[in-house]
Amino acid sequence: MTEPILDIRGISKRFGALAASDDISLDLRPGEIHALIGPNGAGKSTLIQQIAGGLRPDSGAVWFDGEDVTALSTAARARRGMARTFQISALPMDYTVLQNAVLGALGARGGVFRFFRPVMRDAALQARARAALEEVGLADFEAVRASELSHGQRRQLEVAVALTLSPRIFLMDEPMAGLGSEGSARLTRLLGTLRQRAPILLVEHDMDAVFALADRISVLVYGRIIASGSVEEIRRDPQVRRAYLGEEAPAA
Ligand code: ADP
Ligand code: MG
């Protein structure tokens with residue numbers, strides 16, 4: 001069996017009396033989409049933050065690419081190839097699609113952003129940016145300002161920016177949120193192709209997307225993983241159906 005690239009080992013995190021993460025272990029293997037589902041307040045975003053480095057767990061460890069990164073900053077984890085998308089839309093809206101992607105590629109090179117115009121004319125950066133735009137289906141939109149894109153296209157652009165950083169894994173927190181059915185369908189197709197580039201830990205409420213994409217699903221309820229398995233196993237699991245999938249309670 002292939003080694004996990006991301007290995008979360010017994011993470012716990014309390015907020016006062018609340019156990020937001022309760023001894024969570026979970027991994028991500030090359031080539032897969034591992035979906036993390038669970039009701040609002042289950043602790044999904046808190047877990048993603050601990051993986052990305054924005055929050056320090058009280059106990060447990062995050063291993064990434066064979067290294068214990070638990071004590072590393074968000075920036076240090078990003079440099080190692082942890083790409084986090086969709087939590088906040090941080091794209092500079094006045095810049096064009098191509099400019100946004102070039103800025104992403106500049107980050108990958110570790111350059112200091114001092115002179116906007118020379119940077120934008122840098123052939124290597126442009127090539128890297130264009131390749132990423134092509135990959136997410138935005139090649140025809142490179143001259144459009146980010147502010148003029150649809151919601152769904154902005155998500156595509158965020159993926160393109162992440163791709164310029166040569167990610168080793170993607171962490172995605174509810175990428176489908178706020179998208180209509182067409183936008184969701186397009187993003188679902190895109191994520192399906194991305195898994196070849198890097199595996200995805202996908203927090204998502206849209207169960208159509210989850211069932212279409214996930215190789216494995218883990219279910220988080222009150223900070224605990226209550227089940228983990230294939231799509232079929234999770235669909236069948238009676239505990240999951242009760243806790244999350246909206247199994248009808250017997251009429252009172
Ligand atoms: P989810 O993403 O699954 O909806 P969250 O991880 O956002 O859940 O939140 C899990 C629980 O932790 C919730 O009860 C939330 O109110 C609480 N919580 C999240 N962040 C904080 C914080 N910084 N301080 C206190 N409580 C928090
Ligand atoms: Mg959340």
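Side chains are part of it too, since the values below use all heavy atoms of this structure and drop only hydrogens, waters and symmetry mates. For ligands, and for the atoms within them, numbers begin at 1 and follow the listed sequence.
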Visitor: If the cut-off is 2.8 Å, does any N/O/S atom of S45 fall short of it from the Mg ion (ligand 2)?
Guide: yes
Visitor: Applying side chain to side chain contact (heavy atoms under 4.5 Å, CB included), can you list everything that pairs with E67, at least two apart in sequence or on another chain?
Guide: V69, L72, R80
Visitor: For R195, I'd like to know if atom CZ has over 12 heavy atoms of other residues, nucleotides or ligands within 6.0 Å.
Guide: yes
Visitor: Taking only residues at least two apart or on different chains, which pairs with a member in residues 54-64 satisfy side-chain hydrogen bond (donor to acceptor under 3.5 Å, both in side chains)?
Guide: none
Visitor: Going by an N to O cut-off under 4.0 Å, is there a salt bridge joining R197 and E135?
Guide: yes
Visitor: Hey, is D27 close enough to R216 for a salt bridge, meaning N to O under 4.0 Å?
Guide: yes
Visitor: Name all residues meeting the salt bridge (Lys or Arg N to Asp or Glu O under 4.0 Å) criterion together with D22; count only those two or more places apart in sequence or in a different chain, and write none if there are none.
Guide: R224
Visitor: Run through ligand 1 for me and note each protein residue having a heavy atom under 4.0 Å from it, chain first, then residue number.
Guide: F15, L18, A20, P39, N40, G41, A42, G43, K44, S45, T46
